[in-house]
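Encoded as structure tokens, the structure appears first; notes follow it.
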Amino acid sequence: MLRALTLTLGQLGDRAILRVLAKSLALTLAIFVVAALGVFAGVRHWLAGFAGGYDDGLAGVAAVTLFLVAGWLLFRVVAIAVIGLFGDDIVAAVERRHYPAAHAIARDVGMGRASRMALGSAVRALAINLVMTPVYLALLFTAIGPAIAFFLVNAWLLGRDLGDMVASRHMDDATMRGWRTATRGWRFVLGLVVAGVFVVPLANLFAPILGAGMATHLFHGARRGTA
């Protein structure tokens with residue numbers, strides 16, 4: 001794990017990775033801005049139709065509030081889904097430098113499969129966290145319990161998504177199902193590391209990139225028996 005982290009940090013300055021970082025951050029920001037504008041329009045419409053008038057200031061406060069709350073709660077979901085669209089470029093850059101033989105026989109994931117995986121990641125994260133909501137609420141009396149449960153659940157989700165991002169270049173869907181069972185250990189640890197980065201301000205912007213790079217090293221390390 002330390003080797004994967006060190007190698008990934010050493011490659012963050014690659015042009016290919018910086019391009020993905022710029023595209024993913026721009027798209028993530030655009031998604032949240034559109035959501036905030038949608039709430040602004042919705043609140044304004046509600047005030048006009050049901051409250052006898054509208055107040056742009058109140059609608060604006062609601063939009064900003066949603067932007068901040070959603071950014072805190074949903075940033076991980078959106079960021080990983082977005083990086084899923086461009087993650088193949090990161091994996092390819094890492095493989096080109098460190099695993100040229102594997103890179104030579106890898107297949108491009110393609111926008112269709114990447115989009116399907118990204119959508120599946122977002123839906124899975126939202127659905128599982130929704131199912132876990134009663135557990136989070138039940139643990140409120142412990143104060144820190146909900147945060148720990150949320151962290152562990154999302155670490156598992158992150159490990160799956162990041163591992164799939166790499167494996168999809170070298171396996172079909174059927175093969176990946178068996179591979180997931182055999183690699184649960186390192187993928188969960190990877191998820192814990194990346195989930196930890198997500199809670200650090202500013203560093204969380206790089207968490208998806210860092211996770212994709214580390215997943216690439218761990219995937220190939222496991223195949224070589226060096227992970």
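In this chain, numbering begins with 1 at the start of the sequence shown.
With sequence neighbours left out, T6 forms a side-chain hydrogen bond (donor to acceptor under 3.5 Å, both in side chains) with no residue at all. Residues passing the side-chain contact (heavy atoms from CB on, under 4.5 Å) test with L140, sequence neighbours excluded: L137, P146. Under the side-chain hydrogen bond (donor to acceptor under 3.5 Å, both in side chains) criterion, S168 pairs with no residue at all, not counting sequence neighbours. Scored by the ring pair (Phe, Tyr, Trp, His ring centres under 6.0 Å) test, F206 finds no partners at all (sequence neighbours excluded). Applying the ring pair (Phe, Tyr, Trp, His ring centres under 6.0 Å) test to H103 and every residue at least two apart in sequence or in another chain returns nothing. For R180, the side-chain hydrogen bond (donor to acceptor under 3.5 Å, both in side chains) partners two or more places apart in sequence, or in a different chain, are D164. Residues satisfying the side-chain contact (heavy atoms from CB on, under 4.5 Å) test with L119, not counting sequence neighbours, are V123.
A continuous path of ILVMFWY side-chain contacts below 4.5 Å connects M1 to L5, so both sit in one hydrophobic cluster. Residues W179 and L218 share a single hydrophobic cluster, defined by chaining ILVMFWY side chains whose heavy atoms lie under 4.5 Å apart. Cluster membership check: I209 shares its hydrophobic cluster with L27, using side-chain heavy-atom separations under 4.5 Å among Ile, Leu, Val, Met, Phe, Trp and Tyr.
Note that CD of E95 is 8.0 Å distant from CZ of F219, once rounded to the nearest 0.5 Å. To the nearest 0.5 Å, atoms CZ (R160) and CE (M176) are separated by 7.5 Å. The line from CG of L12 to CG of L210 is 6.5 Å long, rounded to the nearest 0.5 Å. Remark: D14 CG to L21 CG distance equals 12.5 Å, nearest 0.5 Å. The distance from the CG atom of L190 to the CG atom of L162 is 5.5 Å, given to the nearest 0.5 Å. For the atom pair CG (L205) and CG (L29), the distance works out to 10.5 Å, reported to the nearest 0.5 Å.
Within the 4.5 Å cutoff, the side chain of T216 has no heavy atoms near those of the H98 side chain.
Between A222 and W186, the shortest heavy-atom contact is CB-NE1, 3.9 Å. Here the shortest heavy-atom pairing between G163 and A215 reads N-CB, 4.4 Å.
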Y99/H217 under side-chain contact (heavy atoms from CB on, under 4.5 Å): CA gap, chis, key distance, verdict
CA-CA 9 Å; Y99 313 99; H217 289 294; 2.7 Å; yes
Could you give me the CA-CA distance, side-chain angles and deciding distance for L152 and M132, then say whether side-chain contact (heavy atoms from CB on, under 4.5 Å) is met?
CA-CA 11 Å; L152 293 176; M132 287 294 295; over 6 Å; no
Steps toward side-chain contact (heavy atoms from CB on, under 4.5 Å) verdict (I144, L139):
CA-CA 8 Å; I144 197 173; L139 291 172; over 6 Å; no
For side-chain contact (heavy atoms from CB on, under 4.5 Å), just list the numbers for V135 and V153, CA-CA rounded to whole Å, side-chain angles, deciding distance to a tenth of an Å, and then say yes or no.
CA-CA 11 Å; V135 177; V153 167; over 6 Å; no
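The neighbour count for R184 CZ, taken as heavy atoms of other residues, nucleotides or ligands under 6.0 Å away, does not exceed 12.
Sequence neighbours left out, the pairs with a member in residues 187-205 that pass side-chain hydrogen bond (donor to acceptor under 3.5 Å, both in side chains) are T183-R187. Sorted pairs that involve residues 19-28 and meet side-chain hydrogen bond (donor to acceptor under 3.5 Å, both in side chains), not counting sequence neighbours, are lacking altogether. The ring-ring contact (aromatic ring centres under 6.0 Å, His included) pairs that include a residue from residues 107-145 are Y136-F150, where partners are two or more places apart or lie in different chains.
Judged by distance alone, the side chain of Q11 and the main-chain N or O of G213 form no donor-acceptor pair under 3.5 Å.
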Per-pair distances, 0.1 Å, donor-acceptor, side chain in residues 192-201, under 3.5 Å, sequence neighbours excluded:
none

For residues 83-91, which side-chain donor-acceptor pairs fall under 3.5 Å, sequence neighbours excluded?
from, atom 1, to, atom 2, distance (Å)
D88, OD1, R169, NH1, 2.9
D88, OD2, R169, NH1, 3.3

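Classification of the H220-H170 ring pair by plane angle, with boundaries at 30° and 60°, yields perpendicular.
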